[in-house]
Amino acid sequence: TTWISAVCIALSTALGIAGAWLRGVESRWVRYALTGYVEFFRNTPPLVQLYFFFFAIGSLLPLAHDATGNPAPLVTNTGWAIISFSLYAAAFNIEIFRSGIEAVPAATVEAAESLGMTRTQALFRVVLPLALRISLPAFGNNLVNLVKTTTLAYAIAVPETLYVAAGIWSDQFNVREMMNVVLAVYLILIALLVWVLNRWERAMRLPGFGQA
């Protein structure tokens with residue numbers, strides 16, 4: 001669970017930043033494609049998306065071979081879970097970072113460009129550091145939701161916390177105890193993530209921004 005969450009957080013953040021940057025390009029087709037991507041992943045359930053990738057897309061891919069020469073899927077169950085959850089969270093991150101970028105005053109961008117910075121340099125050196133500070137609360141909420149969404153990997157037999165717990169209670173008939181363990185694991189995991197995000201948000205808070 002921790003591995004899937006960490007990889008998905010990294011991938012969805014990178015895709016969110018890239019998508020927010022591409023939303024500002026001049027090409028209409030790029031903007032239309034990104035809008036379609038965002039709307040598709042925001043308006044369909046993540047479990048349906050996971051099944052779509054695993055059963056529909058996975059069935060179209062050729063088989064690979066493992067170390068013993070036996071046929072094996074090109075992308076593993078865990079791989080499909082990471083792909084699906086990363087794309088799902090990235091769709092929200094694109095809109096979160098886009099709103100943060102749009103909240104940066106235009107005069108700040110013009111000042112960066114007047115110093116000779118290109119659009120890309122101004123984005124990474126000036127706009128994104130400011131936009132990230134503005135977007136942190138919504139971004140943090142999306143990361144918390146992403147970690148909780150990893151429980152859906154149970155549906156395609158990914159050995160995450162819920163799947164392993166279900167295997168134990170099927171053998172030991174201790175459903176009550178194992179459900180308490182699962183709840184405690186996720187409570188601790190989310191609490192640690194929220195603590196890190198709160199520390200990060202306090203460290204990067206803009207003085208006077210959002211205060212009465």
S.K.: With rounding to the nearest 0.5 angstrom, report the OG1 to CZ distance, Thr118 to Arg125.
M.R.: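 Between Thr118 OG1 and Arg125 CZ, I get 8.0 Å after rounding to 0.5 Å.
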
S.K.: May I ask you to test the Ile168-Asn174 pair for a side-chain heavy-atom distance under 4.5 Å?
M.R.: yes

S.K.: Has the side chain of Thr161 got a donor or acceptor atom that lies under 3.5 Å from a matching backbone atom of Thr1?
M.R.: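 Pair absent, no side-chain N/O of Thr161 close to backbone of Thr1.
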
S.K.: Taking the side chain as C-beta and beyond, is there a heavy-atom pair between Arg23 and Thr35 under 4.5 Å?
M.R.: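 The answer is yes; the side chains approach within 4.5 Å.
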
S.K.: If we ignore hydrogens and angles and just use 3.5 Å, is the side chain of Asn142 paired with the main-chain N or O of Ala89 as donor and acceptor?
M.R.: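 Between the backbone of Ala89 and the side chain of Asn142 there is a qualifying donor-acceptor contact (under 3.5 Å).
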
S.K.: Evaluate the side-chain contact (heavy atoms from CB on, under 4.5 Å) criterion for residues Tyr186 and Thr150: first the C-alpha distance (whole Å), next the side-chain angles of each, then the deciding distance (0.1 Å), finally the verdict.
M.R.: CA-CA 10 Å; Tyr186 276 99; Thr150 60; 3.8 Å; yes

S.K.: Between Ala165 and Val182, which heavy-atom pair has the shortest distance, and what is it?
M.R.: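 For Ala165 versus Val182, the nearest heavy atoms are CB-CG2, 3.3 Å.
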
S.K.: Would you check if the side chain of Tyr37 reaches a backbone N or O of Leu87 as a donor-acceptor pair within less than 3.5 Å?
M.R.: yes

S.K.: Are Val75 and Phe54 packed together at the side-chain level, in the sense that at least one heavy-atom pair is separated by less than 4.5 angstrom?
M.R.: no

S.K.: Shortest non-hydrogen contact from Leu22 to Val30?
M.R.: O-CG1, 4.0 Å

S.K.: Would you compute the distance between atom CG of Leu50 and atom OG1 of Thr149 and round it to the nearest 0.5 angstrom?
M.R.: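 If we round to the nearest 0.5 Å, Leu50:CG and Thr149:OG1 are 10.5 Å apart.
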
S.K.: Answer with yes or no whether the hydrophobic clustering places Ile4 together with Val164; edges join I, L, V, M, F, W, Y residues whose side-chain heavy atoms lie under 4.5 Å apart.
M.R.: no

S.K.: Between Gln49 and Thr44, is any side-chain donor less than 3.5 angstrom from a side-chain acceptor?
M.R.: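 Indeed, the side chains of Gln49 and Thr44 share at least one donor-acceptor pair under 3.5 Å.
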
S.K.: If you draw a 6.0 Å radius around OH in Tyr154, do more than 12 non-hydrogen atoms from other residues or ligands fall strictly inside?
M.R.: no

S.K.: To the nearest 0.5 Å, how far apart are OG1 in Thr13 and CG in Leu143?
M.R.: 5.5 Å

S.K.: Just verifying a value: how many Å separate Ser135 OG and Glu95 CD, rounded to the nearest 0.5 Å?
M.R.: 11.0 Å

S.K.: Looking at every heavy atom in both Pro62 and Leu74, which two are closest together, and how far apart are they?
M.R.: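 Nearest heavy atoms, Pro62 then Leu74: O-CB, 3.5 Å.
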
S.K.: Does the side chain of Leu132 reach to within under 4.5 Å of the side chain of Leu128, using non-hydrogen atoms?
M.R.: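 They are not in contact (no side-chain heavy atoms under 4.5 Å apart), so the answer is no.
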
S.K.: If you take all heavy atoms of Arg98 and Ala20, which pair is closest and at what distance?
M.R.: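 Looking at all heavy atoms of both residues, the closest pair is N-CB, 3.8 Å.
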
S.K.: Looking only at side-chain N and O atoms, does Ser12 offer a donor or acceptor that is under 3.5 Å from a partner on Ser86?
M.R.: no

S.K.: Given 3.5 Å as the limit, does a donor-acceptor pair link the side chain of Ser84 with the main chain of Trp80, or not?
M.R.: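 Flag not set: sc Ser84 to bb Trp80 has no pair under 3.5 Å.
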
S.K.: Using side-chain heavy atoms (C-beta onward) and a distance below 4.5 Å, is Phe139 in contact with Val144?
M.R.: no

S.K.: Side chains of Val158 and Tyr163: does their closest heavy-atom pair fall under 4.5 Å?
M.R.: no

S.K.: If you compare all heavy atoms of Ile134 against all heavy atoms of Ala103, which two are closest, and at what distance to 0.1 Å?
M.R.: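 Taking every non-hydrogen atom into account, CD1-CB, 3.9 Å.
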
S.K.: Under 4.5 Å between side-chain heavy atoms, hopping through other hydrophobics if needed: is there a path connecting Val194 to Ile9?
M.R.: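 As far as the 4.5 Å side-chain criterion goes, Ile9 and Val194 are connected within one cluster.
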
S.K.: In the single-linkage hydrophobic clustering (I, L, V, M, F, W, Y; side-chain heavy atoms under 4.5 Å), do Phe97 and Leu11 co-cluster?
M.R.: yes

S.K.: Enter the distance from Leu123:CG to Gln121:CD here, rounded to the nearest 0.5 Å.
M.R.: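 Spacing of CG (Leu123) from CD (Gln121) equals 11.0 Å.
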
S.K.: Assess the residue pair Leu189 and Leu193 against the criterion (side-chain contact (heavy atoms from CB on, under 4.5 Å)); give the C-alpha distance rounded to whole Å, side-chain angles, the decisive distance to 0.1 Å, and a yes or no.
M.R.: CA-CA 6 Å; Leu189 191 61; Leu193 177 61; over 6 Å; no

S.K.: Could you walk me through whether Trp3 and Ile82 pass the side-chain contact (heavy atoms from CB on, under 4.5 Å) test, one step at a time?
M.R.: CA-CA 10 Å; Trp3 163 248; Ile82 290 173; 4.2 Å; yes

S.K.: When you compare the side chain of Tyr51 with that of Ile156, does any pair of heavy atoms fall below 4.5 Å?
M.R.: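 They are in contact (side-chain heavy atoms under 4.5 Å apart), so the answer is yes.
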
S.K.: State, to 0.1 Å, how close Ala138 and Ile96 come at their nearest heavy-atom pair, and which atoms those are.
M.R.: O-CD1, 3.5 Å

S.K.: Can you list the steps and then say if Leu15 with Asn93 is a side-chain contact (heavy atoms from CB on, under 4.5 Å)?
M.R.: CA-CA 8 Å; Leu15 290 173; Asn93 284 340; over 6 Å; no

S.K.: Between Asn141 and Phe92, is any pair of side-chain heavy atoms under 4.5 Å apart?
M.R.: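 No - every pair of side-chain heavy atoms lies 4.5 Å or more apart.
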
S.K.: Check whether Leu115 and Val104 end up in the same hydrophobic cluster, where Ile, Leu, Val, Met, Phe, Trp and Tyr are linked by side-chain heavy atoms less than 4.5 Å apart.
M.R.: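 Different hydrophobic clusters.
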
S.K.: Got a second to check how far Leu136's CG is from Arg202's CZ, nearest 0.5 Å?
M.R.: 12.0 Å

S.K.: Do Val185 and Val147 land in one hydrophobic cluster if side-chain heavy atoms of ILVMFWY residues count as linked below 4.5 Å?
M.R.: no

S.K.: Does this structure show an ion pair linking Arg133 with Glu201, if we count only N-O contacts that are shorter than 4.0 Å?
M.R.: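 The answer is no: the pair does not qualify as a salt bridge.
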
S.K.: Taking side-chain contact (heavy atoms from CB on, under 4.5 Å) as the criterion, tell me which of Met178, Met179, Gln172 meets it with Val175.
M.R.: Met179

